[in-house]
Amino acid sequence: MSHNLLKGKRGIVFGALNEMSIAWKVAEKAVEQGATITLSNTPMAMRMGETNALADKLKAEVIPADATIVEDLEQVFARSQEVLGGKIDFVLHSIGMSPNVRKGRDYDDLDYKFLDKTLDISAVSFHKMMQVAKKMDAIAEGGSVLALTHIAAQRTFAGYNDMADAKSLLESIGRSFGYVYGRDKGVRVNTISQSPTMTTAGAGIGGMGGFLEFAEKMSPLGNANAEECADYCIVMFSDLTRKVTMQNLFHDGGFSNMGLTIAVMDEFNANK
Ligand code: NAI
């Protein structure tokens with residue numbers, strides 16, 4: 001249902017690969033709420049995924065970019081302003097990838113070239129995105145920038161591997177850039193820490209099926225799904241959150257503040 005929360009706003013959504021992607025749901029909801037957007041993903045993802053189908057459906061232009069390449073990002077911000085007809089009001093960074101996870105390297109057997117890539121793709125790209133946008137003065141006063149993260153940034157989760165380090169860096173970049181972007185241009189920067197979600201990236205994390213079930217039982221409201229995450233992103237892009245910045249916002253059904261639930265305790269007591 002549309003409340004026109006983003007009426008007249010222009011946005012860029014990075015990272016919609018297929019219907020399961022959190023960015024896919026954000027793109028759909030942003031348009032439903034009155035925004036006009038561009039989409040961006042890697043040329044490879046555009047071949048393998050369904051980004052073009054989403055673009056057709058939403059009448060949005062897709063601008064290919066590897067988010068680790070500054071020139072590609074410059075192209076995304078330049079072209080988006082051209083197509084959308086002005087400065088950008090909101091940006092979603094929904095990008096993550098670890099070659100160590102993909103190749104099954106354990107945390108005590110990391111390939112350091114892979115680690116460089118994990119950090120560049122999953123965290124430093126967020127800095128690159130904002131540095132490019134700020135230098136080009138491409139984001140409007142009062143604009144909102146978001147990246148998606150996970151609680152493995154604060155606490156250790158078996159199987160999350162070097163993505164945990166990437167998420168810590170991502171959140172730190174959100175805070176540090178949030179200060180300078182807020183101070184100089186009135187742009188707010190936040191990260192949303194989402195429940196485990198069955199997407200292409202999510203499925204790559206070791207033991208995801210069991211973790212989903214555990215998190216569900218540990219969260220008083222249950223796991224937040226991709227659609228609900230997208231709803232939260234829309235609120236953060238809207239004018240209803242104008243003074244929220246430099247925050248890591250948990251969107252996890254309460255998981256982050258739980259110690260033990262009866263649902264989890266029952267699992268262990270069942271066989272006693
Ligand atoms: P997804 O696999 O649908 O999205 C990941 C996206 O990153 C893909 O579209 C992929 O093409 C893009 N990408 C990879 N390398 C790139 C590069 N070099 N340049 C530009 N784009 C690149 O999976 P999902 O789950 O929607 O992931 C979105 C974000 O949400 C990621 O940051 C992920 O870590 C985060 N997140 C996911 C959770 C989950 O359980 N699925 C939980 C918490 C956060």
Side-chain angles (χ1 to χ4, degrees), residues 1 5 13-30 32-33 49-50 54 92-98 101-102 107 118 122-123 126 146-168 170-171 174 190-238 241 244 247-270:
M1 190 174 55
L5 283 176
V13 174
F14 288 88
L17 178 68
N18 53 36
E19 265 184 330
M20 290 186 298
S21 299
I22 299 169
W24 185 285
K25 316 276 183 207
V26 175
E28 286 182 330
K29 283 180 189 279
E32 189 183 304
Q33 293 296 332
E50 295 144 36
L54 178 67
L92 177 71
H93 176 290
S94 186
I95 295 172
M97 210 280 280
S98 159
V101 169
R102 281 228 176 143
Y107 191 68
T118 302
S122 311
F126 191 38
L146 276 182
L148 298 179
T149 185
H150 184 257
I151 193 175
Q154 286 82 31
R155 298 204 235 134
T156 300
F157 286 80
Y160 215 79
N161 211 314
D162 59 348
M163 275 304 286
D165 305 317
K167 290 306 191 191
S168 297
L170 179 84
E171 292 176 18
N190 295 287
T191 50
I192 290 181
S193 186
Q194 164 67 7
S195 293
T197 314
M198 209 31 116
T199 60
T200 306
I205 298 294
M208 183 65 168
F211 179 41
L212 265 172
E213 206 184 319
F214 170 72
E216 175 75 19
K217 289 200 154 87
M218 274 293 277
S219 310
L221 298 182
N223 288 330
N225 63 29
E227 188 120 357
E228 289 161 334
C229 183
D231 285 334
Y232 195 24
C233 292
I234 297 300
V235 172
M236 291 308 300
F237 291 149
S238 80
T241 52
V244 183
Q247 303 299 316
N248 182 45
L249 305 161
F250 286 101
H251 182 255
D252 62 359
F255 179 88
S256 46
N257 266 347
M258 275 308 309
L260 180 62
T261 58
I262 288 175
V264 169
M265 208 162 30
D266 283 350
E267 287 280 314
F268 288 92
N269 283 333

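FYI, side chains are in, hydrogens and waters are out, and symmetry mates aren't considered; it's all heavy atoms of this structure. The residues of the chain are indexed from 1 along the displayed sequence. Predicted model, so just to flag it, every value in this text is computed and none were measured.
- S168 and A153 get closest at one heavy-atom pair: OG-O, 3.0 Å.
- Looking only at side-chain heavy atoms (C-beta outward), K167 and I151 stay at 4.5 Å or farther from each other.
- Minimum interatomic distance between T197 and A224 (heavy atoms only, all atoms of both residues): OG1-O, 4.1 Å.
- Remark: Q154 CD to N248 CG distance equals 5.5 Å, nearest 0.5 Å.
- Remark: side-chain polar atoms of N190 are paired, donor with acceptor, to backbone N or O of Q247 under 3.5 angstrom.
- Side chains of I234 and E32 form no contact here, defined as non-hydrogen atoms less than 4.5 Å apart.
- A pairwise comparison of heavy atoms in G202 and T199 identifies N-OG1, 3.0 Å as the closest pair.
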- Query: Run the side chain to side chain contact (heavy atoms under 4.5 Å, CB included) check on M208 and M198 step by step: do they pass?
  - Reply: CA-CA 8 Å; M208 183 65 168; M198 209 31 116; 3.7 Å; yes

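- For the atom pair F211 CZ and N223 CG, the distance stands at 8.0 Å (nearest 0.5 Å).
- In this structure, the separation between CG on L170 and CG on D165 is 12.5 Å, given to the nearest 0.5 Å.
- Heavy atoms only, all atoms of each residue included: S122 and M163 are closest at OG-SD, 3.6 Å.
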List the atom pairs, with distances to 0.1 Å, where a side-chain N or O of residues 254-266 and a protein N or O form a donor-acceptor pair under 3.5 Å, not counting sequence neighbours.
{"unit_1": "S256", "atom_1": "OG", "unit_2": "D252", "atom_2": "OD2", "d": "2.8"}
{"unit_1": "T261", "atom_1": "OG1", "unit_2": "K217", "atom_2": "O", "d": "2.7"}
{"unit_1": "T261", "atom_1": "OG1", "unit_2": "V264", "atom_2": "N", "d": "3.2"}

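- Between the side chains of S98 and N161, no donor-acceptor pair is found at a separation under 3.5 Å.
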**Report entry** Trace of the side chain to side chain contact (heavy atoms under 4.5 Å, CB included) decision for I205 with H150
**Finding:** CA-CA 12 Å; I205 298 294; H150 184 257; over 6 Å; no

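- When all heavy atoms of A152 and A164 are compared, the pair lying nearest together is O-CB, 3.4 Å.
- In this structure, NZ on K25 lies 11.5 Å from CD on E228, to the nearest 0.5 angstrom.
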What's the verdict on side chain to side chain contact (heavy atoms under 4.5 Å, CB included) for F237 and Q33, showing C-alpha distance, side-chain angles and the deciding distance? CA-CA 11 Å; F237 291 149; Q33 293 296 332; over 6 Å; no

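- Under the rule for a ring pair (Phe, Tyr, Trp, His ring centres under 6.0 Å), the partners of H93 that lie at least two apart in sequence or sit in another chain are F126.
- Taken to the nearest 0.5 Å, the CD1 atom of I192 stands 5.5 Å off from the SG atom of C229.
- The line from NE2 of H251 to CG of N225 is 8.0 Å long, rounded to the nearest 0.5 Å.
- Taking all atoms of both residues into account, the shortest heavy-atom contact from D162 to Y107 is N-CD1, 4.0 Å.
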